[in-house]
Amino acid sequence: MKKSSLPVSRKFYSEICDRIRFSFSLNRPSLIEEAIATVDSYITCGAEPDEYTDPSVLLMFNLLRPEIDKAIKRSQRAREISSKRKSGQPTAASSGKDETSRPMDNNGNTASSESESTEPEEEERPILNRRMRRLIQQERKRAVRQRIKPLYSR
């Protein structure tokens, strides 16, 4: 297959073909070409195997299908980012505003840039492990119960 006709990377395509060749070379080498043709037709035009396809080829295709779908989406996203970069529009990766690079708070949530810019900088609290957070929570509950207890004893 030519590079321009594939909606997936050459590396991914060659790995899939190698896996098919290895799997079928062990027991049924005659099905290698049929299995690769089935994957090719799915990758290029989205055609699923027909009902007359050999069951072992169908099994191989169904095992590889989720990986192929992910690779198609990943390549499509990469091409969109590349075309935006070539046209001069800033992308999330090039502007440094990637979701994965944001700091995380104690609860594991990413901090938003709006809240960082509007609030004055506070002293940084250390990240507490689960045991310490649980102790703090229990102390707060105990203090609330102590304040409420006199109200009910009257």
Side-chain angles (χ1 to χ4, degrees), residues 1-138 140-141:
M1 281 264 141
K2 293 182 180 179
K3 177 190 175 233
S4 60
S5 63
L6 290 176
V8 294
S9 68
R10 282 185 282 181
K11 179 182 174 186
F12 174 78
Y13 181 75
S14 65
E15 287 176 1
I16 290 291
C17 290
D18 290 343
R19 287 167 61 186
I20 290 171
R21 284 187 193 99
F22 177 74
S23 297
F24 283 116
S25 67
L26 298 175
N27 63 1
R28 296 181 71 184
S30 61
L31 295 175
I32 293 174
E33 294 304 316
E34 182 182 349
I36 291 176
T38 302
V39 169
D40 283 345
S41 66
Y42 182 73
I43 288 175
T44 54
C45 22
E48 298 197 16
D50 57 1
E51 58 194 45
Y52 303 111
T53 305
D54 189 89
S56 57
V57 171
L58 195 58
L59 175 67
M60 176 65 74
F61 173 76
N62 285 328
L63 289 173
L64 294 174
R65 185 176 180 176
E67 291 180 51
I68 294 170
D69 292 339
K70 285 181 189 176
I72 290 172
K73 289 178 184 175
R74 188 173 51 239
S75 294
Q76 183 181 12
R77 199 172 339 125
R79 285 188 180 102
E80 289 172 359
I81 290 171
S82 175
S83 66
K84 286 180 182 178
R85 190 179 322 123
K86 287 178 183 176
S87 68
Q89 295 176 347
T91 60
S94 64
S95 64
K97 294 185 179 180
D98 189 15
E99 283 288 325
T100 59
S101 65
R102 288 188 180 173
M104 298 184 94
D105 62 2
N106 287 342
N107 297 330
N109 301 326
T110 57
S112 64
S113 59
E114 294 83 23
S115 64
E116 292 174 359
S117 62
T118 57
E119 296 177 359
E121 289 202 73
E122 300 175 3
E123 60 183 66
E124 289 198 26
R125 291 181 284 163
I127 297 175
L128 303 174
N129 62 18
R130 184 172 183 220
R131 182 177 180 190
M132 295 304 294
R133 289 192 312 259
R134 182 85 171 133
L135 285 171
I136 292 170
Q137 182 183 23
Q138 288 173 347
R140 287 179 184 161
K141 285 183 178 181

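Source: prediction; values computed, not measured.
The structure places NZ of Lys84 at 8.5 Å from OG of Ser87, a figure rounded to the nearest 0.5 Å. One finds the CZ atom of Phe22 at 15.5 Å from the SG atom of Cys17 (value rounded to the nearest 0.5 Å). Taken to the nearest 0.5 Å, the CZ atom of Phe24 stands 5.5 Å off from the CG atom of Leu31. Distance check, rounded to the nearest 0.5 Å: CD1 of Ile43 to CZ of Arg65 gives 12.0 Å. Annotation: the span from Lys141 atom NZ to Gln138 atom CD amounts to 8.0 Å, rounded to 0.5 Å. The CD atom of Glu48 sits 10.5 Å away from the OG1 atom of Thr53 when rounded to the nearest 0.5 Å.
Of all non-hydrogen atoms in Pro7 and Ser75, the two that sit nearest each other are O-CB, 3.1 Å. Heavy-atom minimum distance, Glu67 versus Ile16: OE1-CD1, 4.4 Å. Scanning both residues, Val57 and Ala35, for their nearest heavy atoms gives CG1-CA, 3.7 Å.
Residue Ile20 is tested with Glu33, Glu34, Met60, Glu15 for a side chain to side chain contact (heavy atoms under 4.5 Å, CB included); the sole match is Met60.
Heavy atoms of other residues, nucleotides or ligands lying less than 6.0 angstrom from CZ of Arg134 number 12 at most.
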Evaluate the side-chain hydrogen bond (donor to acceptor under 3.5 Å, both in side chains) criterion for residues Asp18 and Tyr13: first the C-alpha distance (whole Å), next the side-chain angles of each, then the deciding distance (0.1 Å), finally the verdict.
CA-CA 9 Å; Asp18 290 343; Tyr13 181 75; over 6 Å; no
Can you list the steps and then say if Arg28 with Asp54 is a side-chain contact (heavy atoms from CB on, under 4.5 Å)?
CA-CA 11 Å; Arg28 296 181 71 184; Asp54 189 89; 3.3 Å; yes
Step by step, would you call Ile72 with Phe12 a side-chain contact (heavy atoms from CB on, under 4.5 Å)?
CA-CA 10 Å; Ile72 290 172; Phe12 174 78; over 6 Å; no
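Taking 4.5 Å as the limit, some side-chain heavy atom of Ser82 sits within range of a side-chain heavy atom of Lys86.
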